[in-house]
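Proteins come first, then strands; the chains are lettered A, B, ... in the order of their sequence lines, and each starts at number 1. No experiment lies behind these values; they were computed from the predicted model shown.
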Amino acid sequence: MSVESAGRFHPRRRSRALAGPVFAAACLLATLTGVLALAVLTLAVVAAAASDGGLIDLLHRLAVNPQSGDPARAGFRVGIVGSAWLLALTALIGIPTGVGAGVFLEEYMPAGRLKGAIQTNIANLAGVPSVVYGILGLAVFARAFGVSGLALGPSLLAGALTLSLLILPTIVVTTQEALRTVPPSLRHAAMALGATRWQVVAGHVLPSALPGILTGTILGLSRVVGETAPLLMVGAAGSLLRPPRGPMDRYSALPVEIYNYAKEPDPAFQAVTAGGILILVALLLSMNAVAIVIRDRFRRRR
Amino acid sequence: MSATLAPPPAAASDASADEPALQTRALRVWYGASLALRDVDLDVPRHRITALIGPSGCGKSTLLRCFNRMNDLVPDARVEGDVRFDGVSIVGPKVDAVTLRRRVGMVFQKPNPFPKSIYNNIAWGARINGYRGDMDELVERSLRRAALWDEVREKLHRSGLDLSGGQQQRLCIARTLAVEPEVILMDEPCSALDPISTARVEDLMEDLKDDYTIVIVTHNMQQARRVSDVTACLMPDVEAGGGRRTGVLVEVSPTDVLFTNPVDPRTEAYITGRVG
């Protein structure tokens, strides 16, 4: 016997019960799309790289050899070293600038029309295509508007400055968001003890916001490793046989070299390209892993 | 305002003992276009506990925050009239609010220890104010004074957030004591605490009043009756009209007088539970 009784209610229990699982299944499908895409991509790349023989041997060869027109001797050493340089220089330039701007906007600047304008500007900058930053970097840093004494040319420094501009909006915004999560009661407590604004920021607000800032910063930096277009604009070289020795040296970068190998007509280069992609992905994943570890460590300490 | 550090309050001479620690004259506070507090003339006696009571929105906390310039943190707050601390005006841009806040400490409604160790919760305020003495000794003395030492002496390097709510509030009081203020402002310090913790904080206040001037905002009339020597009753002014309510000071009396024989009918209505 059914618990349902006839009347003015028509519960339609069966179709209502069905709606939930159907919706959940649709969401699952959406989730799997991303996971599947990544899996297929990884498999395809690994397969392409392994077509050459031993995968480990290939990766080792690629990491050690400089660029070459011979697929059997080609490698990414110059690009890997160049990317490491770019990463370090960009971190050095971009992090202090971005965090500083975020702190100023959030902690010091009074609310008003000017702040709103700057804020909107930064939000818009985050959406500008990276190739546009490349053109900007070319005009400002590499050529210095034609002033030859200031022009940095196709140097590491010009590339790092360009990439710093690229990740600046991300760092500023994540810094601001992290600062906003610091509860007002913490600021009030410090203020009430006779702390100056600087003491409040340095003693409590920044330490509390640090995990958030670090996470955003590292994610921003992992973008630096993957960017290709702006570097092509500011003159990352396609073929260099020795890694850069200083910030004013010519350079290449890992994604730029991948791009160049991918253009080679000889099918033997497909394995080289795929191997380079694997190195790049491994680098990105390990940077994200570092971000997660740092964030968790700081969280636990509190 | 002079930046000279006054001697510890316990040693304050009798010469100034009769002078009120804090005074307000014709005090008005605006938040933007709305008047939050009107024409407050209040004397806060030295080394006594003064309670500020009244219904919600009557400006008690606003008044309290005039004494350590915490209203400065509200972007559109404006203070008119005069507030004096030890006879010196503390209103206006020339007053160094940072120096003032060390001398006029504050305990907040919700316990808000720093996410640091118990030790550093105490030490931080002293350190930023340039304390040069023995830090271990200061930490112990402050915790003892706040009746917390015996409970935390074994775990000074554990996080202050690991303590119970009542312990956290006493830690906040200890933190305030560590910078050697003369006045302690308390903004409903027990409203987030259970009855037992409340009783401990009240005992502590009683204990502290020999050395400190205490002003407490409370919603709890029994608490005002239990702990305070003087009670000031504020009420929202119904005749002020306009959108927001404006607080006025309706009566200041010794606590036992105010609760047994109030002069103002509005006070009587409030303490007998007919208003608010």
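Using cut-offs of 30° and 60° on the angle between ring planes, the pair B:F114 and A:H204 is parallel.
The backbone N or O of A:V182 sits nowhere less than 3.5 Å from a side-chain atom of A:S208 that would complete a donor-acceptor pair. B:R102 places no side-chain N or O within donor-acceptor distance of the main-chain N or O of B:N129, the cut-off being under 3.5 Å.
With a 4.5 Å cut-off on non-hydrogen atoms, B:V107 does not touch chain A at all. Looking at B:K116, only its side chain comes within 4.5 Å of chain A, counting heavy atoms on both sides. In this structure, chain A has a heavy atom under 4.5 Å from the side chain of B:L73, while its backbone stays farther away. Looking at B:V179, the atoms closer than 4.5 Å to chain A (heavy atoms on both sides) all sit in the side chain, from C-beta outward. A:A190 touches chain B through backbone and side chain together, each having a heavy atom under 4.5 Å away. When heavy atoms are compared at a cutoff of 4.5 Å, B:R69 does not approach chain A at all.
Here CZ of B:R175 is found 12.0 Å from CE of B:M106. Values are rounded to the nearest 0.5 Å.
Of all heavy-atom pairs between B:Q168 and B:G160, the closest is CG-O, 3.7 Å.
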